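Report on the structure given below.
Quick note on labels: first sequence line is chain A, next is B, and so on, each numbered from 1. Note that this is a predicted model, so its numbers are computed, not measured.
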Number of protein chains: 2
Amino acid sequence: MNRSLTRRQQEIYDFLSRHNDEFEHPPTLDELCSALGLSSKGSLHKQIQALVDAGLVEPMNNQRRGVRLVREEDDSTLPVLGYIAAGKPIEAIEQRETIQVPSLLRTNKPCFVLQVRGDSMIEEGILDGDHIIVEQRDQARNGEIVVALIDGSDATLKRIEQTPGEVILHPANSAMSPLHFSPDQVSIQGVLVGQMRSYH
Amino acid sequence: MNRSLTRRQQEIYDFLSRHNDEFEHPPTLDELCSALGLSSKGSLHKQIQALVDAGLVEPMNNQRRGVRLVREEDDSTLPVLGYIAAGKPIEAIEQRETIQVPSLLRTNKPCFVLQVRGDSMIEEGILDGDHIIVEQRDQARNGEIVVALIDGSDATLKRIEQTPGEVILHPANSAMSPLHFSPDQVSIQGVLVGQMRSYH
DNA sequence: TATAATAGAACACAAGTAGAACCAATAGGG
DNA sequence: CCCTATTGGTTCTACTTGTGTTCTATTATA
């Protein structure tokens, strides 16, 4: 199913993605043709059929303006991967769980949710039991709050400060001290983009 | 049921939305026809029927001016009433605004959303800029965090402690002191049930 | 030489339109 | 209160147009 796309197919797919962000309705084959510099919608149709086979486009059974991209995941739910507590690996949840997340609290990039254990970020307003939304990334800017893996085993949620020689992870709890590591000890898993808490 | 609209149907729906904001009564089919450049209300009726099937318009059983939009109000959005800062009235937002709220952060009872201004609840992990979800209620149990109106004018977000003789409102900020009132000065607007924060 | 890409024609079906005739609701006059 | 006229929604059928589908043949590309 997921065989690799030819160059032209990739090009068409990219165009569809852009069009999708910009317009309410998918384009017609004729519109696509002129946008891509083709003069035969028959040829285009064949290409699109390939995208359908690849699982990237909904099969359009005679519908007009039916070139719809397969919608990527539910737009309002994210997977809850487990618990995060300073100094322990992320504790996975037994069965796969998901949670509703408002679009305001996430980004367009892939995100996941963790539940916080412990008080290491209490002064940033992140409490025990809160859910945090994390954008999956392997780099961060200084000052961002990241989920980082130390020595490949211990996961932690901290504010990051990177210098050429070392990485410092700052807890937001005056009872705890910043932790210093060499850059190759720390692997960034993602960056905090949202947080939510329930009081009942 | 919720299949996607054709281009014409979308156009009609958009027009209805705009008309809805502007006028008291829905338009007649004839009015719609001339507005949309149609000359047959029969055709229009067919389109509208499609909108009814899609669940966007109330079925209009022979009623006059019966093209009523279905009250949208997904069960996942709540109205944002304004800002709350200790010691000032709730500052209303100009135009009616709504926000997506996961069911986990709300209750089944009527709720609304406020945005927090200031640091009076910082030690409870509620920061400047956070959105809070409040269940509409006029009573609270001791220890709950409430939106309360003081002397009918000043709204505030505080943890409540009620005794027979007085009401104490505790801020969660050691720089501020608890406030004491007589019970008839304080009217409870709602109880905090959820909170969310965006980091971007 | 095989695979990808293209053009073009012929076709089929969905979307949109018009118009007429038919009902249902309301308002006004006896 | 009933009768009737008028307004406005409902239901058809027929037609036009837009747009996806299929095919066959030809040209690039690797």
Side-chain angles (χ1 to χ4, degrees), chain A residues 1-20 22-71, chain B residues 1-20 22-71:
Chain A
M1 181 190 0
N2 215 343
R3 66 163 157 267
S4 59
L5 302 182
T6 66
R7 200 178 41 212
R8 195 54 159 160
Q9 285 161 10
Q10 186 66 50
E11 195 179 331
I12 294 174
Y13 180 75
D14 291 344
F15 180 86
L16 286 172
S17 297
R18 264 179 285 124
H19 191 282
N20 194 28
E22 194 168 347
F23 298 96
E24 184 101 19
H25 290 277
T28 66
L29 292 193
D30 284 329
E31 284 167 4
L32 269 177
C33 277
S34 48
L36 294 167
L38 284 173
S39 65
S40 155
K41 55 182 177 175
S43 319
L44 214 209
H45 183 266
K46 192 170 147 202
Q47 302 283 28
I48 293 195
Q49 210 49 51
L51 291 176
V52 172
D53 292 344
L56 295 172
V57 170
E58 301 274 1
M60 46 174 194
N61 307 309
N62 273 310
Q63 307 207 359
R64 268 86 255 269
R65 293 179 179 274
V67 191
R68 302 175 185 285
L69 295 180
V70 164
R71 51 167 211 180
Chain B
M1 191 219 319
N2 214 345
R3 73 155 162 280
S4 56
L5 303 181
T6 68
R7 205 164 30 156
R8 193 57 159 157
Q9 286 160 12
Q10 185 71 49
E11 198 178 327
I12 294 174
Y13 180 75
D14 291 345
F15 179 86
L16 286 172
S17 297
R18 264 180 284 123
H19 191 282
N20 194 29
E22 195 167 346
F23 299 96
E24 181 104 16
H25 294 284
T28 66
L29 293 194
D30 286 327
E31 285 167 4
L32 269 177
C33 276
S34 48
L36 294 167
L38 283 174
S39 63
S40 154
K41 57 181 177 176
S43 314
L44 212 211
H45 184 268
K46 192 169 141 199
Q47 300 283 29
I48 294 194
Q49 209 50 52
L51 292 177
V52 172
D53 292 343
L56 295 172
V57 169
E58 302 274 0
M60 45 172 193
N61 306 310
N62 281 309
Q63 307 197 15
R64 301 308 168 88
R65 294 181 178 275
V67 191
R68 300 174 187 287
L69 295 181
V70 162
R71 264 259 153 273

key: Nearest-nucleotide comparison on DNA chain D, the residue closer to the 5′ end among G42(A) and E31(A)   = E31(A)
remark   = Contacts of K41(A) and R65(B) projected onto DNA chain D by closest heavy atom; the upstream (5') one is R65(B)
message = Quick check: any donor-acceptor pair below 3.5 Å linking the side-chain of S43(B) to the base of dG16(C)?
response = no
To the nearest Å, give me how far apart [atom1] ([X]) and [atom2] ([N]) are.
X: L32(A); N: dG18(D); atom1: CG; atom2: C1'; answer: 15 Å
X: L36(A); N: dA5(C); atom1: CG; atom2: P; answer: 12 Å
X: Q9(A); N: dT3(C); atom1: CD; atom2: C1'; answer: 12 Å
X: E11(A); N: dT6(C); atom1: CD; atom2: C1'; answer: 14 Å
X: Q47(B); N: dA14(C); atom1: CD; atom2: P; answer: 15 Å
X: K46(B); N: dG19(C); atom1: NZ; atom2: C1'; answer: 14 Å
X: M60(A); N: dA15(C); atom1: CE; atom2: C1'; answer: 16 Å
X: I48(B); N: dA15(C); atom1: CD1; atom2: P; answer: 17 Å

message = Taking M60(A)'s backbone N and O only, do any of them form a donor-acceptor pair with Q63(A)'s side chain (distance below 3.5 Å, no angle check)?
response = no
Among [options], which is the nearest nucleotide to the side chain of [X]?
X: T6(A); options: dT21(D), dA5(C), dG8(D); value: dA5(C)
X: L29(A); options: dT21(D), dA5(C), dG9(D); value: dT21(D)
X: S40(B); options: dA18(C), dA25(C), dG20(D); value: dA18(C)
X: R64(A); options: dA15(C), dG8(C), dA18(C); value: dA15(C)

Do you know which two heavy atoms are closest between [X] and [Y], and how far apart they sit?
X: R7(B); Y: H25(A); value: CA-NE2, 3.6 Å
X: L29(B); Y: L44(B); value: O-CD1, 3.4 Å
X: R8(B); Y: L36(B); value: NH2-O, 3.1 Å

Phosphate-side-chain proximity, [X] and [N], N/O vs OP1/OP2 below 4.0 Å:
X: H45(A); N: dG20(D); answer: no
X: T28(A); N: dG18(D); answer: no
X: S39(B); N: dT17(C); answer: no
X: R8(B); N: dT17(C); answer: yes

query = Are Q47(B) and E11(B) side-chain neighbours, meaning at least one heavy-atom pair lies under 4.5 Å?
reply = no
query = Should L51(B) and V67(B) count as side-chain neighbours, where that means a heavy-atom distance under 4.5 Å?
reply = no
query = Under 4.0 angstrom, heavy atoms only, what part of the nucleic acid is Q49(B) near: base, sugar-phosphate, or nothing?
reply = nothing
query = For L44(A), which contact category applies under a 4.0 Å heavy-atom criterion: base, sugar-phosphate, or nothing?
reply = nothing
